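Whatever order the structure lists them in is the order used to number ligands and atoms, beginning at 1. Quick caveat: nothing in here was measured; it's all calculated off a predicted structure. Position 1 is the first residue of the sequence, and the numbers go up from there.
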Amino acid sequence: MKDELNLLKKDKAKLKELQYLVEVEEWIAQEYEANYERLRLEGGHALTPEIKRQGLLQIIMYFRKMREVAETVTETEVKLTLPEQLSPRGNKFTIEGVVDIIREKDTTTMYDVKTHDADYVKANQEDYLDQLNVYTHIWQNLRNEKLNGTAIIATQFPRSLKKAIDADDEEKLQRELEKWDPVIPIAFSQDKVETTINKFACVVDKIESREFKPPSIDILLERIKGTRQRFATRVCRNCDARFSCDAYREYSQKSSAYSGGFAEYISDLGNTDEVENFTNTNAFETPPPTNIDDLI
Ligand code: SF4
């Protein structure tokens, strides 16, 4: 009888846990939808149903994997501001960032959530380190708070996990979730903060002086660490300025991908997925109102 009671208790606890998970995931979906609608109305940009679904999946998988962090986070979306900075050419600027903070007993950890993949973050740690060091500087010196660690959370899940989701294979999904490690601790240091702030300052000066010279073609041809893609493919093909960019034009003229000449170059609207997404988004969008009263 005692054993049966224990079993019943365990089943009840399991049921409660499942109910909790269902409720949280439903809440995430509702908030995601509301947030998306708000951003769509504010920014005028829409997502295709597939991209939207993938965005929601990324958040749900993040919750399943990082539940402990998500539940213990003490401050979310903490805005860090470094105001009144002066560039070498006398331009005033402010650095701002948003992070999540977890305080546990005697330790405080700062997390910066990125929609990048973990392999890319690991291979390009120095890019993230600079940014985290500035946030750490603001946290420790301007807010006078202590910090024990910093980390990036890379929410883009690996291809193998995506395959398990698409295959709707619960066992495989669990295995892949266990293998996935989206938290990349990054040891912060305050040695290079001034140099990093100075780098930001030089960029501000260039923007204010309208200096927008693109990098050389050598940079466009370089493979980006942690990926098999060149700069031109990963960055330039997503850049709205590419058709008026000398470096990209030069790259295109040398690239075998544009053997069709100028016509092919100018009609390249991105990779097939992007073009399909763009077409679908517009196809799924509500048609413009035909009655003036609908606009009022
Ligand atoms: S295409 Fe855009 S991202 Fe690429 S080099 Fe030119 S300006 Fe930079």
Taking 4.0 angstrom as the limit, do E126 and K225 come out as a salt bridge? yes

Using a strict threshold of under 4.0 Å (side-chain N to carboxylate O), is an ion pair present between D166 and K163? no

Check E222 with R234, please: is the shortest side-chain N to carboxylate O separation under 4.0 Å? no

Checked atom 6 (Fe) of ligand 1: protein N, O or S atoms closer than 2.8 Å come out as C245 SG

Using the salt bridge (charged side-chain N to carboxylate O under 4.0 Å, His left out) definition, which of the options K12, R67, K10 pairs with E17? R67

Less than 3.5 Å apart, any donor N or O on the side chain of R89 or S209 sitting next to an acceptor on the other? yes

Is K179 paired with E176 through a side-chain N to carboxylate O contact shorter than 4.0 Å? yes

